[in-house]
Amino acid sequence: MPSTPIKLIYFGTSSFAVPALRALAAQRDLFEVLLVVSQPDRPVGRQAVITPPPVAAAAKELGLPLYQPAKLRDGEAEKRLKPLSPDVFVVAAYGRILPPDLLAIPKRGALNLHGSILPRHRGASPLQSAILQGDGETGITLMLMDAELDHGPILDTLRVPLVGNETFPQLESRLGEAAAEQIAARLPEYIAGRLPPQEQDHAGASFTGLIEKNHGGIVWSRQSASEIERMIRAYEPWPGVFAVWNRNGRELRLRILRAAVAESTALAPGQVGLGEDGCPTVGTAEGNLRLLELQIEGKNAQAGDAFARGYREFIGSRLGDGR
RNA sequence: CGCGGGGUGGAGCAGCUGGAAGCUCGCGUGGCUCAUAACCACGAGGUCCUGGGUUCGAGUCCCAGCCCCGCAA
């Protein structure tokens, strides 16, 4: 047990990184959060209200000093962080690559909480990637950062089983909590020298990039029903999964919020039929998809059977690909 | 003033070239049936978002406002 608290600077942005910050801030005898670094406030919602990211909001609530630099490489950040002489950085879903001059600041290095079992799913969207790939388990890797992305030696891996019905927000919440437990338990061990770093198996690495809007567009002739079903869970709430319905000459954006892979029933890709439960069923490249909850642009989300009753011409129509 | 769609019985929608409020489902009652979420008959249930205006007459046209949602950011 160290006589003085571990001095750290916390880097984080999304809600995945909130529980870990709270856990560290809660134990003042063990940890001293010198500063929280988060991305700048951004416009959010229809009215584009400038809103702080979740970690920044949490930092304010906890009364911690907060720093939201627009740039990391202009020297300003280094000037701000170096004088604090931290023992470590703790980085979790910060959303930006830390340049080497910053990584050199903490005496005991920069620790990253990554939302996958490394070396699998290195990169920007590990949670979504685990859902998309249908992984049977995922987890949190605590690692030492080096110059390459999610490439440094591993300190600890925490495994979390997946059932196959997780949505991104659910997984984010679960893994966020797991990361909080992990960092609170392991950081003191690491400082005490009881957590030997282990080189990653670089040959087994896989990568996952930033998610873009168009990833949520369904291509009926190329994607299978189970693939689409996983997309729906991975891309909630953004960018969502969508197709196009041509209704009386108007192209409407159709968002699919919940779906299930259907038993049989052969339908052409994009062709809409009616399932036994009253929900619409669509053909894909492989298997059919039952639409359990959907939303047309300009309307609220609604149950699949209600949708089929209301828009009677939907059944029998042919859906276009999402763009 | 970013662009656009929408607010109609419990749910989802139609009606929008102004003239007695409708469809699918749900709900209630009765019937059929060994039985049923199935089928048949009957029935209850609506300030057509709010406030003005035009008109002999407005859910339907005009003006203002409130709320919901898609896009964009």
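Numbers restart at 1 for each chain; the letters A, B, ... are given by sequence-line order, proteins then strands. Just so it is clear, the structure is predicted and the values come from calculations on it, not from any experiment.
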Determine, for A/Tyr67 and A/Arg80, whether the Lys NZ or Arg CZ falls below 6.0 Å from the six-membered ring centre while staying within 45 degrees of the axis. yes
Let's test this: given Watson-Crick or G-U wobble pairing with both distances under 3.5 Å, identify the partner of [N].
N	answer
B/G57	none
B/G22	B/C13
B/G46	none
B/C71	B/G2
B/U33	none

Rounded [atom1] spacing from [N] to [M] in Å:
N	M	atom1	value
B/G52	B/G59	P	14 Å
B/C69	B/G57	P	38 Å
B/G9	B/G4	C1'	29 Å
B/U47	B/G22	P	15 Å
B/A37	B/U33	P	16 Å
B/C63	B/G6	P	16 Å
B/G46	B/G15	C1'	15 Å
B/G30	B/U36	P	13 Å

Would you call [X] and [Y] a salt bridge, taking side-chain N to carboxylate O under 4.0 Å as the test?
X	Y	value
A/Arg253	A/Glu297	no
A/Glu61	A/Arg22	yes
A/Glu76	A/Lys79	yes
A/Arg174	A/Glu166	yes

Length of the [atom1]-[atom2] vector between [X] and [N], whole Å:
X	N	atom1	atom2	value
A/Trp238	B/A73	CH2	P	10 Å
A/Asp305	B/G26	CG	P	10 Å
A/Glu313	B/A14	CD	P	8 Å
A/Leu252	B/C13	CG	P	12 Å
A/Ile50	B/A73	CD1	C1'	10 Å
A/Asp277	B/G26	CG	P	14 Å
A/Leu274	B/U24	CG	P	15 Å
A/Trp245	B/C71	CH2	P	17 Å

Only pairs at least two apart or in different chains count here, so list each side-chain hydrogen bond (donor to acceptor under 3.5 Å, both in side chains) that has a residue in residues 128-145 of chain A.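 Matches after skipping sequence neighbours: A/Arg120-A/Asp135, A/His121-A/Ser129, A/His121-A/Asp135, A/Glu137-A/Arg159.
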With the sugar-phosphate defined as primed atoms, P, OP1 and OP2, and the base as all remaining atoms, what B/S/- string results for nucleotides 1-12 of chain B, 5' to 3', for protein heavy atoms under 4.0 Å? -B-BBS-----B
Earlier contact from the 5' end, RNA chain B, for A/Arg247 and A/Arg253: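 The answer here is A/Arg247.
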Which word best sums up how the rings of A/Tyr235 and A/His215 line up, parallel for under 30°, tilted for 30 to 60°, or perpendicular for over 60°? tilted
Of all residues at least two apart in sequence or in a different chain, which pass the side chain to side chain contact (heavy atoms under 4.5 Å, CB included) check with A/Leu274? A/Ala308, A/Ile315
